[in-house]
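Everything quoted here is computed from the prediction, not taken from an experiment.
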Amino acid sequence: MSGDNQIRFGLLTCTNIVRKLSRAINLSPNATISAIATTSSIEEAKSFTKSNNFPPNTKIHSSYESLLEDPDVDAVYFPIPTRLHLEWATRAARKGKHILLDKPVALTVSEFDQIVEACEVNGVQFMDGTQWMHNPRTYKIKEFVNDLESFGQIKSVHCCFSFAANDDFLKHDIRVKPGLDGLGALGDAGWYTIQAILLANDFKLPKTVTALPGCVLNDAGIVLSCGALFDWEEGISATIYCSFLANLTMEITAIGTKGTLRVHDFVIPYRETETAFTTSGRGCVSEHKVMTELPQEACMVIEFARLVGEIKNRGAKPDGFWLSISRKTQLIVDAVKESIDNNLEPVFLSGR
C-alpha cells in the first residue's frame with residue numbers, strides 16, 4: 001500500500017508496550033508511525049525511535065496536547081494509565097483522532113460511556129487493544145463453538161489468565177496502584193478472561209455476576225487475584241480466574257452438548273505465527289493448528305487501520321462492534337468489582 005493511503009499513528013509515551021505495538025505497525029502494510037509524544041527528554045525519545053525502527057521522519061512531540069493537534073496523525077494509541085483514559089481519549093475524539101486504547105478501557109462503565117459518546121459524536125473509530133481477539137485462531141475458535149453439529153449448545157465455559165508477578169511488580173507496577181490502574185488483576189488479566197467467555201456465548205451478557213470466595217487484595221484495596229461466576233438463561237454458566245499470584249496459565253475450556261474446546265495459550269501464543277487448539281466429541285480428540293504470517297498484534301493493527309481507512313478514504317461510518325464488546329467487558333468488570341465490594345452478593349445485569 002502506498003504511503004498516501006497508510007493510516008498514520010501517533011503513539012503516547014516511550015514504554016515497553018509501545019515497542020511491541022510499534023513493531024506491529026511496522027509489520028502492517030496499511031499503517032505507519034507518524035509521531036510520538038514523550039513526557040521525558042526529547043533526546044531519550046530520539047533514541048527510542050531509532051532503537052525501535054521508527055520511520056526517520058517521525059515527529060517527536062513534547063506533550064500529549066501537541067500530538068493531538070498534529071494534522072499528520074490519523075489515529076492515536078494510548079498505553080497510558082487507566083485513570084487518564086477518560087480525559088485523553090475524549091480529547092482525542094474531539095480532535096477527530098481515531099482511538100486504539102489499552103485495556104481496561106476505563107475505571108468504570110460510566111466513564112467509558114463518556115468515551116463512547118465522544119467517539120460517536122465525532123465519528124471516530126474505537127478499538128481496545130486486546131490482541132488475542134484478532135488472532136486468526138480466535139476466528140476458528142468462534143466457528144467451532146457456533147457449530148451446532150460439532151459443538152452443539154453451549155453449557156459451560158471456564159477461563160483463566162494468571163501469572164506469578166515478582167515483588168517489584170507487586171509493589172511498584174501501575175496495575176497495583178489505586179491512583180493509576182485501580183482495577184488490578186481484574187482489569188488486566190480479568191479483561192482477557194471476560195472477553196473469552198463473552199466470545200464463547202456469542203457476546204451475550206450474563207444474567208448475573210457473582211464474585212467467588214478467595215479474592216486477594218493488597219493493602220491499598222487493589223485486586224491481586226479473584227474469581228467469578230456468571231449465569232445466563234437456559235442453564236449456561238461460566239467461571240473466570242485472574243491473578244497476579246499464580247503460575248502462568250492462559251486456558252479456555254468451553255463445553256457444549258456435543259463437543260468440547262480447549263485452548264492452552266489464548267492470551268499470548270507460545271509460537272508467534274503457529275497456534276493450536278483442541279476439540280473433542282463423539283469419542284474423538286483433534287488438534288487444530290492455525291498458521292499466520294503475522295503476530296496477533298499486527299493483525300489487530302491491520303484491522304483497526306482498515307476500519308479507519310474506510311472512514312478516511314470512503315466516508316464510511318465507524319464500526320460500532322468493538323465499542324460494544326469493550327462496553328460489555330467493562331460492564332462485567334464493574335459487576336465483579338461490585339460483588340467483591342458487597343461480600344460476594346450477586347449482581348444482576350438486566351437493564352444496565
Side-chain angles (χ1 to χ4, degrees), residues 1 3-13 17-18 21 24-25 28 30-37 39 58-59 61-131 133-134 191 195 203 300-331 333-334 352:
M1 180 175 288
D4 290 342
N5 291 322
Q6 288 180 313
I7 298 306
R8 302 165 298 177
F9 273 82
L11 311 178
L12 298 191
T13 77
I17 188 65
V18 173
L21 201 283
I25 295 172
S28 304
N30 59 348
T32 188
I33 300 169
S34 177
I36 188 167
T39 54
T58 300
K59 298 180 187 177
H61 293 273
S62 59
S63 68
Y64 297 169
E65 294 97 332
S66 177
L67 185 142
L68 296 185
E69 294 287 348
D70 190 335
D72 295 323
V73 170
D74 300 310
V76 181
Y77 172 58
F78 294 84
I80 58 178
T82 310
R83 181 181 62 83
L84 301 177
H85 285 186
L86 174 59
E87 175 186 359
W88 289 103
T90 53
R91 290 177 71 165
R94 293 182 189 122
K95 294 294 183 181
K97 308 301 185 186
H98 304 278
I99 296 169
L100 182 59
L101 188 64
D102 250 1
K103 49 81 201 146
V105 290
L107 291 174
T108 65
V109 76
S110 62
E111 280 194 1
F112 185 59
D113 282 344
Q114 295 177 63
I115 297 174
V116 171
E117 181 181 14
C119 290
E120 291 178 344
V121 167
N122 293 283
V124 302
Q125 182 63 48
F126 176 91
M127 182 181 286
D128 80 48
T130 310
Q131 297 165 8
M133 292 286 284
H134 302 273
W191 189 270
Q195 286 201 345
F203 299 106
M300 176 185 71
V301 169
I302 290 169
E303 175 59 11
F304 177 70
R306 183 190 71 80
L307 293 171
V308 172
E310 290 293 313
I311 299 167
K312 179 182 177 182
N313 301 318
R314 295 183 172 86
K317 292 183 178 180
D319 187 332
F321 174 77
W322 296 107
L323 268 177
S324 171
I325 300 309
S326 297
R327 189 182 190 280
K328 289 178 179 180
T329 309
Q330 186 72 51
L331 188 64
V333 168
D334 286 14
R352 297 198 180 198

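With sequence neighbours left out, the side-chain hydrogen bond (donor to acceptor under 3.5 Å, both in side chains) criterion links E117 to no other residue. With sequence neighbours excluded, the residues forming a ring pair (Phe, Tyr, Trp, His ring centres under 6.0 Å) with F126 are F112, listed by chain and number. Looking at residues two or more places apart in sequence or on another chain, you find no ring pair (Phe, Tyr, Trp, His ring centres under 6.0 Å) involving H61. Residues that satisfy the side-chain hydrogen bond (donor to acceptor under 3.5 Å, both in side chains) test with T82, not counting sequence neighbours, are D181.
Counting only residues at least two apart or in different chains, ring pair (Phe, Tyr, Trp, His ring centres under 6.0 Å) contacts with residues 78-98 comprise Y64-W88. Pairs engaging residues 319-328 under the salt bridge (charged side-chain N to carboxylate O under 4.0 Å, His left out) rule: D113-R327 [sequence neighbours left out].
In this structure, the side chains of F9 and F304 come closer than 4.5 Å at one or more pairs of heavy atoms.
Summarising the local packing, NZ of K59 is surrounded by more than 12 heavy atoms from other residues, nucleotides or ligands at distances under 6.0 Å.
Residues V73 and A35 come closest through the heavy atom pair CG2-CB, 3.9 Å. Taking all atoms of both residues into account, the shortest heavy-atom contact from S34 to R8 is CB-CB, 3.7 Å. Summarising the geometry of V301 relative to A31, their closest heavy-atom pair is CG1-CB, 3.8 Å, with the distance given to 0.1 Å. Nearest heavy atoms, L67 versus K97: O-CE, 4.5 Å. Of all non-hydrogen atoms in D72 and D70, the two that sit nearest each other are N-OD1, 2.8 Å. Nearest heavy atoms, G96 versus V124: C-CG1, 3.7 Å.
Here the CD1 atom belonging to I115 is positioned 7.0 Å from the CD1 atom belonging to I99, to the nearest 0.5 angstrom.
Between F203 and F321, the ring-plane angle classifies as perpendicular under the 30° and 60° cut-offs.
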Pair D128-K103, salt bridge (charged side-chain N to carboxylate O under 4.0 Å, His left out): steps then yes or no | CA-CA 6 Å; D128 80 48; K103 49 81 201 146; over 6 Å; no
